[in-house]
Amino acid sequence: MGLLSDPSRRKVLTGLLTRLNTPICIVCYLAGIVWFMGLAFEPFTLRTYMSENAMGSTMVLLRGAIMMLVCFCSGMPVEWLVKAMQSRGLEVFTQSFSRKLPFPDENKERYMVRGTNVYGILRAPRAPRTEALVISAPCSPGDSNNQAVGLLLALAQYFRNQVYWAKDIIFLVNEHDLMGTQAWLEAYHHTNITGMEYSPLQGRAGSIQAALSLELSSDVITSLDLILEGLNGQLPNLDLANLFYAFCQKLGVLCTIQGKLQRNDWDTAEGYTHAAQTMMLMVLKQACGRSWGDHGLFLRYHIEAASVRGINSFRHYKTDAATIGRLLEGMVRKLNNLLERLHQSYFFYLLPSLSRFVSIGCYMLAFGLLVVILLLRALDLWVHLGAPALAAPSGPGVLTVLTPVVISHLTGVALYLLPVHLQEMAVEHFPVSETEAVVLTAVAIYTAGLALPHNTQRLLSGEGTEQGWKVLKLTALLYLAVLLGCTALINFSLGFILAVTLVPITASMTPHMPKALSALVMVLLSPAFTVLYCVFIYQELIEAPVSVSEGWMLFLSVISQGILDHALYGSLVYPLLALFIYPCWLMFWNILFWS
Amino acid sequence: LDSRLPLVIFLHALTPAAARDEFQEELVIRPLHSGDIYASFQFRTLWDTDFLQEGQKVSHYRLFPKSLGQVLSKFSVRELHISFSQGFWRTMQWGQPFIPSPPGAELWVWFHDTVSDVDGNWKELTNVLSGIFCASLNFIDLTNTVQPSASFKPLGLGNATDHRFLRYATLPREIVCTENLTPWKKLLPCGSKAGLAVLMKSEKLFHSSFHSQAVHIRPICQDEQCSSKAWELRQTLNVVFDLHTSGQGKKEWSLFKMFSRTLTEACPLASSSKVYVDITDNPELFELSPATPLLGQAVVLGDRRTYSVYDLSRAETFGQLRSFNLLLRDMLRPLLHAERYVAGFGLQTGEIHTVIYNNHPYRAFPVLLMDSVPWYLQLYIHTLTVTSKSRDNKPSYIHYQPAKDRHRPHLLEMLIQLPPHSMTEVTVQFERALLKWTEYTPDPNHGFYVGSSVVSALVPSMVAMRTNFTQDQPLFSSFVPVKEESSYFVRVYTEPLLVNLPTPDFSMPYNVICLTCTVVAVGYGSFYNLLTRTFQVDEPSPPLSKRLANLIRRIRGVPLLT
């Protein structure tokens with residue numbers, strides 16, 4: 001600090017920083033990207049290990065459940081399920097729920113949703129109903145998930161005859177996948193955050209410690225996929241993933257994450273690319289903030305949860321349902337042994353493979369290197385503004401800066417509110433469906449925002465001064481840094497992806513650049529285009545590349561899904577983009593057209 | 001010596017008359033509609049003496065356990081109820097128990113009104129009882145003790161109403177195991193050597209869905225005129241066996257299968273020793289082996305029930321009592337039933353919901369709800385709402401004692417009228433306190449327990465009850481005295497709650513975070529300081545000689561030195 005409080009040395013240091021600002025920024029940006037890509041390189045990652053003592057050393061003897069699998073033709077056989085659970089000695093309850101979506105969901109073809117959840121509670125002997133575990137299986141019409149309920153019932157039958165349970169076990173069969181889970185969880189915790197209508201629950205079992213969700217569409221499988229990404233990018237404790245991996249190893253079941261098997265050749269280019277792809281998939285999935293399985297909604301309630309999905313590919317080696325039953329039995333018994341909630345291991349991590357992880361301490365550096373650019377630029381501007389040569393007789397009025405800020409945010413509010421509220425009007429006037437109306441309104445408002453500088457200038461009296469845009473840019477830079485920093489703390493992936501695209505343009509934008517070219521670059525690196533690129537990269541990574549027109553359709557459906565996720569489950573990505581990131585980008589757009 | 005001899009003879013002649021005592025034992029087996037088997041043991045020791053009488057020291061013990069007797073007289077205890085339970089009584093599946101108890105340990109004591117330092121006596125008493133029962137009752141202190149004003153009236157003789165002499169505490173976390181059972185068995189006159197106590201083999205008793213053992217001591221009347229006082233010690237043990245798990249689907253039961261023992265004799269010290277089997281639900285489907293000619297009827301918990309009675313004091317009972325093959329039928333829904341849960345998410349606030357069901361088709365009745373909540377859940381009592389049938393239900397009596405941080409828990413008692421066939425919901429919001437770092441338990445992420453709330457009520461009975469005091473009714477139907485014909489007393493306990501409090505991560509990353517935050521705070525402070533301050537180069541002040549020279553020059557009118 002002495003270095004900075006000494007005026008002469010301080011002058012030298014600030015001089016150095018302002019003179020070398022651009023090179024330092026470029027170095028930081030490149031270092032950030034390289035660091036991030038290096039995270040997938042195996043020698044830089046840590047091997048996963050079980051932190052929880054209660055799950056680590058205790059021995060669990062697996063006996064295996066007797067399998068009884070059933071197939072459903074269509075709909076939810078509520079009465080049959082109630083009987084089946086009762087005959088297995090569970091306390092059975094049902095819950096009905098209904099919800100009208102803000103606009104029809106074209107991906108899942110639903111609008112007015114009405115459903116029933118059935119759940120049975122296995123009461124642990126001599127336990128005072130204070131703790132519970134949940135095993136859930138979504139029941140949907142068609143063949144997509146027809147074996148999970150059978151497996152669930154078989155597990156229930158086997159578990160009921162055991163005496164070692166210390167926590168109650170809730171077997172939940174939910175209709176309409178996530179919406180059923182949402183209704184059940186909200187009723188269990190007596191909250192209502194999304195305006196769902198549901199009947200109250202009759203039976204409870206205390207505080208839920210952990211949950212597993214099963215997805216199984218055939219009675220033999222080749223591998224099991226573990227899904228961790230939950231709502232708003234929340235992840236369960238890493239010990240849950242370790243537990244799954246440990247049992248897969250023990251029983252010789254192939255296990256995958258992001259649908260990708262683990263490779264051992266980390267020192268080859270292919271091996272590294274594989275790990276990098278797996279990690280990139282995780283980053284993309286986490287960034288989009290939606291729940292990738294039924295487990296994702298549990299995380300809000302501080303319940304560690306993961307989905308286990310059976311995958312049946314053309315590989316020769318198959319695993320039968322009895323082995324999956326044993327695997328789940330082992331996991332549930334270990335969770336049953338827990339003395340405390342899972343808390344020992346990491347909550348923030350990236351997985352380049354199931355046996356390797358990157359902790360928050362490593363990956364945050366990549367993000368930090370990107371965000372420090374914004375701060376350096378801000379410092380540079382601050383020094384320039386403070387320089388006596390530029391100090392105008394009267395500083396720029398508060399209005400000069402405040403007007404663009406307020407107008408940008410009003411556009412953001414319009415982008416957030418209007419698409420859903422104006423759908424009826426749009427449907428009346430244009431030949432489109434409700435869903436298309438919502439998405440296209442959003443796109444239209446987004447594009448209309450580009451005309452903003454013109455309108456701002458009309459509101460402002462007088463010329464925009466040199467100092468004016470500098471103050472505005474300083475504000476915008478600091479605002480963006482705070483925004484990205486907060487986002488990255490909650491959802492690193494989202495913060496990082498936004499930083500990668502937003503930082504270069506925001507750091508370099510001035511009104512003196514060639515207008516047409518910079519405008520093009522700014523638009524190409526705007527939040528909406530970031531989403532579009534993510535769609536293409538994601539499709540590329542899951543080995544289902546799409547053409548440009550298909551990609552565009554996917555992009556539109558991603559927008560509608562984002563709005564729906566926000567309305568149905570309380571995902572925060574859409575409001576974050578609409579209310580904060582987009583207005584912030586507009587402020588820089590304003591600077592470009594500063595006159 | 002000569003002078004003392006007649007006194008000894010006199011005392012010897014007096015003793016049997018002055019301290020008549022009596023011991024009864026009883027086992028009730030009731031098949032439950034869920035398919036489980038409920039076995040309830042009751043042992044009663046009656047002693048016509050008075051521990052609390054002035055100037056008389058009781059020192060000759062026969063059937064009554066000396067350890068308890070001494071405790072009663074030392075601490076001037078008027079009434080003592082202690083229970084240890086493992087598991088939760090599932091009222092919806094199993095109906096009402098004969099004597100209810102909450103999960104964990106529960107202790108409530110009425111002290112004699114001559115006691116001056118009630119808190120001191122209470123503290124010492126809990127420590128002594130902790131030793132007697134090998135339990136962690138010494139964890140009862142002022143932070144979890146309350147003085148309910150209405151919910152816990154004395155069950156025995158005397159109508160003390162001043163709740164200053166009452167202390168009530170629960171330990172929801174207490175785990176009950178064999179080490180609590182052994183001292184409990186030792187209090188019986190025959191120990192576990194003879195009589196019904198032979199069946200109490202811990203490996204079977206703790207292999208069950210529910211286990212509860214209790215000791216109740218109270219003064220009662222010696223006879224109908226109530227001219228003198230007698231002390232009653234009731235030891236009860238309730239077990240529910242899970243037929244599904246251990247019966248392999250067969251609904252066949254025998255004493256041997258349940259307890260891995262058979263009965264061979266009654267306790268020789270017992271004046272009565274009986275086994276009752278509840279055959280009310282469908283007598284013709286029962287096949288009891290051996291059959292008994294004795295049938296008994298008893299009105300218990302508002303229901304007239306029929307029992308097969310086996311008298312162990314008769315010789316012909318033995319040798320055959322082996323196997324009960326029981327077929328079961330549905331049972332009435334319990335008229336009163338309650339449950340509780342924590343609503344909301346996050347670690348800042350929450351809401352406690354207590355739901356009380358009145359399943360009576362047409363009668364409304366009042367209940368007393370008692371909640372004792374630890375201080376670290378800071379209740380917002382202004383958010384207390386009571387709703388029945390989605391309408392506000394104003395309690396006719398509220399007694400609320402706010403908590404004091406680290407000293408005293410919240411106590412909330414309410415008298416609520418339950419409309420017929422209704423669900424009443426009591427909600428109150430709370431904020432989770434941030435504890436000091438030494439106040440966390442060794443396993444803070446497990447959560448913190450909140451004891452069961454207690455619902456006490458006089459429930460309208462379906463059948464007329466006997467109100468006259470008679471000696472010959474079975475023990476299980478005579479614990480709570482019946483005051484009127486049309487209703488009976490029921491106490492229902494809700495489940496305890498497990499609440500997570502904001503917990504620091506007591507590990508290496510926690511230290512790292514603390515350190516990093518300190519560094520960031522220091523760095524931020526200095527940077528902020530530097531960024532907001534404007535620096536000016538200041539001329540150093542001239543030395544004294546120069547200033548003096550300038551002063552002289554000013555006087556002379558000569559240009560100053562710089």
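This is a predicted model, so every value here is computed, not measured. Chain naming here is simple, since letters A, B, ... match the order of the sequence lines and numbering starts at 1 in each. As a basis for the values below, the full set of heavy atoms in this structure was taken, side chains included, without hydrogen atoms, waters or symmetry mates.
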Largest heavy-atom contact set with chain A, pairs under 4.5 Å, which of E495(B), M423(B), H353(B):
H353(B)
Heavy-atom proximity to chain B below 4.5 Å, by part of L342(A)
neither
With a 4.5 Å cut-off on heavy-atom pairs, point out which of Q209(A), R123(A), H302(A), E186(A) contacts chain B the most.
R123(A)
If you tally heavy-atom pairs under 4.5 Å against chain A, which of G447(B), S85(B), P103(B), S209(B) wins?
S209(B)
With the side chain counted from C-beta on, respond yes when L133(A) and W165(A) share a heavy-atom pair under 4.5 Å apart, and no when they do not.
no
Is it the case that the ring center of F345(B) lies less than 6.0 angstrom away from the ring center of H189(A)?
no
Check each atom of T130(A) against the heavy atoms of chain B and say whether the ones under 4.5 Å are side chain, backbone, both or neither.
both
Check whether the side chains of T354(B) and S453(B) place a donor and an acceptor atom closer than 3.5 Å, and report yes or no.
no
Using a 4.5 Å cut-off on heavy atoms from C-beta on, say whether the side chain of L336(B) contacts that of Y357(B).
no
Chain A: which of N445(B), D443(B), T427(B) shares the most heavy-atom pairs with it under 4.5 Å?
N445(B)
Looking at P102(B), S208(B), P496(B), which one has more heavy-atom pairs under 4.5 Å with chain A than the rest?
S208(B)
Bottom line for N500(B): the part with an atom under 4.5 Å from chain A's heavy atoms is side chain
Check whether I193(A) gets within reach of chain B through its side chain, its backbone, both or neither, counting any heavy atom under 4.5 Å.
side chain
Heavy-atom distances under 4.5 Å only: say whether R90(B) touches chain A with side chain, backbone, both or neither.
both
Please classify the contact between Q202(A) and chain B as side chain, backbone, both or neither, with a heavy-atom cut-off of under 4.5 Å.
both
Cation-aromatic face contact R129(A)/F88(B), 6.0 Å, 45 degrees
no
Is R88(A) close to L153(A) at the side-chain level, that is, under 4.5 Å between some pair of heavy atoms?
yes
Toward chain B, the part of S87(A) with a non-hydrogen atom under 4.5 Å
backbone
Pair F492(A) + Y363(A): ring centers closer than 6.0 Å
yes
Determine whether the aromatic ring centres of residues Y38(B) and W94(B) are separated by less than 6.0 angstrom.
no
